[in-house]
Participant: 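Take a look at this one; I'll ask things after.
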Amino acid sequence: MSKNKYLDMDITNLPTPAFIVDERLLKRNLETLKSVIDRTGCKILLAQKGFSMFYFYPLISEYLNGTTASSLFEARLGYEEMELKNPNKKLETHIFNPSYREDEFDEIMEITNHIVFNSFNQWKKFKSRVKEFEEKNGKKISCGLRLNPEFSEVETEIYNPAGRFSRFGVTLENFKENELEGLDGFHFHALCEQNSDALENVLRIFEEKFGKYLYNMKWLNFGGGHHITREDYDIEKLVKCINYIKEKYDVEVYLEPGEAVALNTGFLVSEVLDITKNEMDILLMDTSASCHMPDVIEMPYRPFIFGSGMPNDKKYTYRLGGPTCLAGDVIGDYSFDEPVKVGDKLIFTDMAHYSMVKTNTFNGINLPVIAVYTEKGGVEVIRKFGYEDFRNRLS
Ligand SMILES: *Cc1c(COP(=O)(O)O)cnc(C)c1O
């Protein structure tokens, strides 16, 4: 297994653990997203929460219309690494945060051009600051309000932004039609890893509740969670949804996918450090579920490993555990056709989104190196981490 038969690139000298993102696969996703832009005239933003690999922002800016952020720091990354570096492309930097901090708001206005508020309280609190800033700096900031359609087909509750008691967005009951003055757009986000039929259903409810106010707006943001680059995604239906809203309400439509940009474009390469036994065979890996792919525990889900099967599907079954001292730092049980040996490399798939952005140095475990594969440069490590990265978040 150490001679790699699953990746068409040479990873023999790649230090492990390593995230490696394949530019060819990323380009393929971006082309799919661009086809939606070209067919509808909508705008698509990269939601950096899911994928913030700024090495690829120059490439992404060739296809998409900018970035969106959930925080000041994400907004700054999108502004500095994408918008500012491509002044001729008219890229946009958006932000939505559930509750802006007063001490961060000036900087947010400096670096963004679209700000979405989560409540009428927040809008009232910051409205005059936006106006003042616009007058003083001769810059237009387009403000929007997040609405909560109170309808969603997301089944994992921690990923359901429109479930009961959700803190996101204004519900119909709390909507105040006489406080819309100055707002240019609406935003909703009610999907997670879903197809366009789920979007169609959300849109129907959204229109019933808020459609009549949309006529006075300039834009509607459909949020993220659109799994546009998944093989079975129904792009025709998405295109229909976008064109329908654009034509009926005469608004600009935004989509802000994170996951769909980087879906199936990256891998986590890890090495087997030891093999032990406690009723079953256990592989001690140099990568950790807790530190390097926390969604495995949070979501929870079971990442796929090249050449593996479900436990007992193949002849040799192992439990894979990480290098931390957390008992639950277990990636899962996997089976293989051949016995695994110390030094073998196992490759986790679909690791570009929601893993690199979620890593941490719990227990002093080092972060995986970040590597890319490009047609020009082959496999290249673009970032390595060390003791300082662990120490600098502590004091
Ligand atoms: C998380 C999030 C996104 C991106 O979601 P994906 O599932 O990665 O597409 C977009 N918009 C908002 C407001 C979000 O919270």
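Counting convention: from 1, in listed order, for ligands and their atoms alike.
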Participant: We want to know whether Asn312 and Thr317 form a side-chain donor-acceptor pair, criterion being a heavy-atom distance below 3.5 angstrom.
Facilitator: yes

Participant: Taking atom types as modelled, is there a side-chain donor on Ser288 or Asp329 under 3.5 Å from an acceptor on the other?
Facilitator: yes

Participant: Distances for all N or O pairs of ligand 1 and the protein under 3.5 Å?
Facilitator:
from	atom 1	to	atom 2	distance (Å)
ligand 1	7 (O)	Gly225	N	3.4
ligand 1	8 (O)	Gly258	N	3.4
ligand 1	8 (O)	Glu259	N	2.9
ligand 1	8 (O)	Tyr354	OH	2.6
ligand 1	9 (O)	Gly225	N	2.8
ligand 1	9 (O)	Gly258	N	2.9
ligand 1	11 (N)	Glu256	OE2	2.8
ligand 1	15 (O)	Lys49	NZ	2.7

Participant: Do we get Arg146 above Phe96's six-membered ring, with its NZ or CZ under 6.0 Å from the centre and within 45° of the axis?
Facilitator: yes

Participant: Establish, yes or no, whether the cationic atom of Arg302 lies under 6.0 Å from the six-membered ring centre of Tyr334 and within 45° of the ring axis.
Facilitator: yes

Participant: Report yes or no: do Lys358 and Tyr354 form a side-chain donor-acceptor pair below 3.5 Å?
Facilitator: no

Participant: List for me each residue that meets ring-ring contact (aromatic ring centres under 6.0 Å, His included) alongside His94, sequence neighbours excluded, and say none if there are none.
Facilitator: His114, Tyr254

